[in-house]
Amino acid sequence: KLKRNLESPSKPDQVISLAPSHPFYKEINEVVANHIRRLMTENVEEKVDWVCIADQGDMKVFKRELEENGIPIDPMKAVCTVKGITGHEVCQYFWAFDTRMEWEATLDLSRAVEWLSDDTFISNNVIKRVWPASQRDACFWSHIRHISNKNDETPDCWIVVNYSCEHPECPPNKYVRITMNVALICETIIEPPANESTITRDNITCKITYTADVNPGGWAPASVLRAVYKREYPKFLKRFTSFVIDKTKDKEILF
Ligand code: 16C
């Protein structure tokens, strides 16, 4: 089932963290900081221009209708709570390249283009074609980070950001290139077990906030695109979180 380009470089055994002199270092830190700021200040449920497009109790998906030069670029935001898994586990699986095709149902292909460090790599996703639009692809860096609440000003959370970039080995010459700024931020809530017994999966809940700002590139019919988003974003969240539950159920809890 796992479709990967044979030329994809596999993750090296050990790679040092991204050096401050790396061309993406500043951008990654700024983008991560903006997502954390947005998490702490934006409550879409209170804003009139955000509409809820899916409400399944523990999972809600919101969008804000926006167009740029006639192309819909609706920002999406989803919040959900899932029992039995930690934020670290959820982010680890969202970031991990080798299992991406096991839960990604909207891709034809995903290939790693370059590993920048042990927490950051660049990949190329080829998205399934949606009639009548042309097929799309994306080239983006994926970065995973733990933010600890050292100073009480930020929540203790795990974050993964997928952010569009250019790469000489991934030129936009075969498909329409989409651009995106996607973040998955997770906080783990632990309900202390009675009698100081060991924490089990029954005592943990993960609060997930997912945001996706995607520009579909060239022409895309707004009504079709919006119908696909309305169906595919909730489907992705359900499928992905079920995947994490299944992968971790017999494993030790990764806090
Ligand atoms: O975040 C997700 N996945 C990440 C890892 O792969 C990564 C990818 C983000 C890209 C998400 C947006 C893709 C939009 C493509 C626009 C295509 C235009 C088509 C024109 C239509 C008229 O961060 C999870 C992403 C979950 C995506 C849900 C929405 C995707 C729609 C894609 C259309 C393919 C449908 C295939 C139907 C079987």
Side-chain angles (χ1 to χ4, degrees), residues 1-5 8 28 31-32 35 53-54 59 61-63 65-68 70-80 90-113 120-144 158-165 170 172 174-186 208-244:
K1 254 193 152 170
L2 182 67
K3 278 190 236 158
R4 276 172 59 175
N5 187 316
S8 286
I28 290 173
V31 174
V32 168
H35 278 295
I53 57 167
M59 179 193 60
V61 183
F62 301 85
K63 74 163 181 188
E65 286 203 0
L66 200 61
E67 285 186 21
E68 200 176 80
I71 298 175
I73 51 162
D74 305 353
M76 311 292 298
K77 180 163 180 168
V79 280
C80 64
V90 173
C91 282
Q92 187 60 41
Y93 279 106
F94 186 67
W95 176 78
F97 174 73
D98 58 349
T99 47
R100 183 180 286 169
M101 294 303 281
E102 291 179 43
W103 57 267
E104 262 286 16
T106 61
L107 299 182
D108 268 348
L109 174 94
S110 189
R111 77 178 167 107
V113 175
T120 312
F121 66 98
I122 294 176
S123 66
N124 179 209
N125 276 1
V126 179
I127 300 145
K128 284 185 178 162
R129 181 169 178 244
V130 182
W131 186 89
S134 311
Q135 190 158 19
R136 264 67 176 174
D137 82 339
C139 177
F140 56 97
W141 51 254
S142 293
H143 174 77
I144 184 166
W158 278 85
I159 177 169
V160 174
V161 180
N162 292 339
Y163 191 88
S164 281
C165 65
C170 189
K174 199 167 168 197
Y175 306 102
V176 174
R177 177 62 50 92
I178 69 159
T179 51
M180 64 190 201
N181 180 359
V182 171
L184 184 87
I185 309 177
C186 298
I208 304 172
T209 306
Y210 173 86
T211 57
D213 291 345
V214 176
N215 186 321
W219 175 83
S223 59
V224 181
L225 187 74
R226 287 182 171 133
V228 170
Y229 281 179
K230 191 177 164 139
R231 185 187 69 214
E232 294 299 328
Y233 278 105
K235 222 164 133 183
F236 141 66
L237 284 159
K238 190 78 206 90
R239 186 176 154 102
F240 171 66
T241 51
S242 303
F243 169 79
V244 179

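Counting convention: from 1, in listed order, for ligands and their atoms alike.
- From the protein, the heavy atom lying nearest to atom 5 (C) of ligand 1 is Glu104 OE2, 3.3 Å.
- Using a 4.0 Å cut-off between charged side-chain N and carboxylate O, Arg239 and Glu104 make no salt bridge.
- In terms of protein heavy atoms, atom 10 (C) of ligand 1 is closest to Met180 SD, 3.6 Å.
- Heavy atoms of Leu184 found under 4.0 angstrom from ligand 1: none, in either backbone or side chain.
- Against a heavy-atom cut-off of under 4.0 Å, Val130 is close to the following atoms of ligand 1: 21 (C), 33 (C), 34 (C), 35 (C).
- Within the listing of ligand 1, atoms 1 (O), 23 (O) sit less than 4.0 angstrom from a heavy atom of Val182.
- The closest approach between Phe240 and ligand 1 stays at or above 4.0 Å for every heavy atom of the residue.
- Of all the atoms in ligand 1, the ones that sit under 4.0 Å from a non-hydrogen atom of Ala133 are 20 (C), 22 (C).
- Inter-residue side-chain proximity for Pro216 and Val176 is flagged as unmet; no heavy-atom pair is nearer than 4.5 Å.
- Counting only heavy atoms of the protein, atom 16 (C) of ligand 1 lies nearest to Tyr229 OH, 4.0 Å.
- Scanning the protein heavy atoms around atom 15 (C) of ligand 1, the nearest turns out to be Ile127 CD1, 4.1 Å.
- Annotation: atom 22 (C) of ligand 1 to nearest protein heavy atom, Pro221 CD, 3.7 Å.
- Here the closest non-hydrogen pair linking Trp103 and Tyr93 is NE1-O, 3.6 Å.
- Among all protein heavy atoms, the one lying closest to atom 13 (C) of ligand 1 is Ile178 CD1, 3.9 Å.
- Scanning the protein for heavy atoms near atom 27 (C) of ligand 1, the closest one is Tyr233 CE2, 3.9 Å.
- Considering backbone and side-chain N/O of Trp103, none are found under 3.5 Å from N/O of ligand 1.
- Of the candidates Ile208, Leu184, Thr241, Ile144, Phe94 forms a side chain to side chain contact (heavy atoms under 4.5 Å, CB included) with just one, namely Leu184.
- The shortest distance between side-chain heavy atoms of Met59 and Val79 does not fall below 4.5 Å.
- Note: Phe236 and Phe240 have parallel aromatic rings, judged against thresholds of 30 and 60 degrees for the angle between ring planes.
- For the pair Arg136 (side chain) and Ile178 (backbone), a donor-acceptor distance under 3.5 Å is absent.
- Scanning the protein heavy atoms around atom 1 (O) of ligand 1, the nearest turns out to be Tyr210 OH, 2.7 Å.
- Contact annotation for Arg100 and ligand 1: only side-chain heavy atoms (C-beta onward) come within less than 4.0 Å of the ligand.
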